[in-house]
Amino acid sequence: MKQIRIIFKRELAAYFSTPLAFVFIVIFQLLAGAFTFYLGNFFERGQADLSSFFGFHPWLYLFLIPAISLLLLAEERSSGSIELLLCLPLTLWQATLGKFLAAWTFAAIALALTFPIWITVNYLGQPDNGAIVTAYLGSLLMAGGFLAIGVCISAATRNQVIAFILTVVVCFLFLLSGFDLVLGVLQGWLPQLIVDTIASFSFLTHFHALAKGVIDLRDIVFFAALIASWLYASTIVLSLKKAD
Amino acid sequence: MLGFLGPNGAGKTTTMRMIAGFVAPSSGTVSVCGHSLTTDTVAAQACMGYLPEGAPGYDEMTVAGFLRFTADIRGLAGERRRSRMNDVTERLHLAPVLRQRLLTLSKGFRRRVGLAQAIIHDPKVLILDEPTDGLDPNQKQEVRQLIREMAADKIIVISTHILEEVEALCNRVMIIAHGRLLADDTPDGLIARSRYHNAVSLSLTDDSANKVKTDLAALQQVASVELDEATGRITAFPSSEQPLLPEISRLASHLNWSLKELHLESGRMEEVFRKITTGNNA
């Protein structure tokens, strides 16, 4: 536990010791705002809720989260510091979990800094604040899911560009798997059971429920299990490929 | 102190990495301080310090921050952490760069920071992969001095392809090539394997080299004589364990050779190394 905390502290400090943290947070706020007000028609909808805000989070995360996750391991690999880290007395689990938690906290900070929009909507009307909290929770869980995928992929390669692109693609598949477009194509020739399984992996389905303010334990378990299994996969990938 | 010697690509770094627990051996086991690296990795890693090749580190951290991080991971705390930090800072002369980021350090300082993190917990075993690679001669000397100081109470394994380093530092040498152990000896023992061991070299001020060569070859104790045309240096190789030098110096004064120099060769590490790693009598 202590080792995880030390790694966590170092990683989080590492984010803030480069301009990356500030660039990331500023861009995140700008894009979130732009999507909400221009694409989401925040004002025109005339409703005191944040669904136009949360609705774009999956797409925002799709490109921004891989950027933070690849710093975790692909960067260590290319600078060689991974050799130093893994020869310190700590387990792969501790290293991976510490790193993941740092990145997740970083994402949480970026997300928390969107609070002005929450103030705005409260100023303009009487939104259901419980639903908004739930939606924030859902958004954070989804960010964790994307991150865990990113950690695993960045564990596999030293090339940061490859890590970025692969992470985007895999995350995209996880997003899309709930879309009628994809499911419609599959429905024709795959057994219903498999189609349902693929659909059940969709981030969007699980996130939309939470974003509407519905806390379903299944959605939370889904994201938790997803994060745990991708992190577990990361430790396996790391132990197999740490030297090359 | 064990020196690990071999040509580039011989498997030095891989061996070091296996000892440090970074890669797992495909067969066999490694254990350090009685802890197996396969089953008890963390305990084994806790009792050794490791300087990976090229001394990697976290570029964005300051030297002090980086050392504090490794000290924390090593479980040092409170007064002990402070005294160890001061000790390594002083030993490696890191005080002027403590607030600098690793990114901005020169190669010499970077290597020293790498060494500092390896000895921060005062480990029993120290694994150093090419600790002086890429340093200037002064820095090399400094790092060697430091390693020598630590050798008194530690087991140190260094890998290198610099031969003088092994002669200067180690009391045991292993030579590997293509992943196989080819020699395991003391530095003196290795040098004694040299063809030049106990040979006598001389050079002359005039051009009577060919005559001298013939005279030398006539001696009973001399197995063969070589003349290096470029430098005019003559080397006589002994045929037995008998010392050659007294006999030759007697002959020289008897025949009135105009000697520029005359000396006994102790043997050449470089030649032994080449012989062992290539299998030729180079």
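Lettering follows sequence order; numbering is per chain, from 1.
Taking 4.5 Å as the limit, every side-chain heavy atom of D184(B) sits out of range of all side-chain heavy atoms of V173(B). The closest side-chain heavy-atom distance from Y58(B) to R10(A) is below 4.5 Å.
Without hydrogens or angle criteria, R91(B) side chain to L146(B) main chain gives no donor-acceptor distance under 3.5 Å. Without hydrogens or angle criteria, Q139(B) side chain to D136(B) main chain gives a donor-acceptor distance under 3.5 Å. When atom types are taken as modelled, the side chain of E165(B) and the backbone of I158(B) share no donor-acceptor pair closer than 3.5 angstrom. Judged by distance alone, with hydrogens and angles left aside, the side-chain atoms of T132(B) form no donor-acceptor pair with the main-chain N or O of K140(B) at under 3.5 Å. Although no hydrogens or angles enter the test, the distance criterion places a donor-acceptor pair under 3.5 Å between the side chain of T186(B) and the main chain of G189(B).
There is no side-chain donor-acceptor pair under 3.5 Å between Y232(A) and T96(A).
Applying a 4.5 Å heavy-atom cutoff, the residues of residues 37-54 of chain B that approach chain A are V42(B), Q45(B), A46(B), Y50(B), P52(B). Residue-level contacts of residues 94-127 of chain B with chain A, in order of numbering, are R101(B), Q117(B); threshold 4.5 Å between heavy atoms. Contact annotation for residues 60-78 of chain B against chain A (heavy-atom separation below 4.5 Å, listed by residue number): E60(B), M61(B), F66(B), F69(B), T70(B), D72(B), I73(B), R74(B), G75(B).
Taking the ring centroids of F24(A) and Y15(A), they lie at or beyond the 6.0 Å cut-off. When ring centroids are compared, F223(A) and F207(A) stay outside the 6.0 Å threshold.
Heavy-atom distances place the side chain of T18(A), and not its backbone, under 4.5 Å from chain B. For a residue to count as touching a neighbouring chain, one of its non-hydrogen atoms must lie under 4.5 Å from one of that chain's; by this rule E76(A) touches chain B with the side chain only.
Listed by first then second residue, pairs satisfying side-chain hydrogen bond (donor to acceptor under 3.5 Å, both in side chains) with a partner in residues 137-149 of chain A read H57(A)-S139(A), Y61(A)-S139(A), not counting sequence neighbours.
Each of L231(A), V168(A), V170(A) was compared with I149(A) under the side-chain contact (heavy atoms from CB on, under 4.5 Å) criterion, and only V170(A) meets it.
A salt bridge is absent between K12(B) and D129(B): the closest approach of a Lys/Arg side-chain nitrogen to an acidic carboxylate oxygen does not fall below 4.0 angstrom.
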query = Checking ring pair (Phe, Tyr, Trp, His ring centres under 6.0 Å) for the pair F203(A)/F146(A): CA distance, chi angles, key distance, verdict?
reply = CA-CA 9 Å; F203(A) 277 25; F146(A) 278 127; 4.9 Å; yes
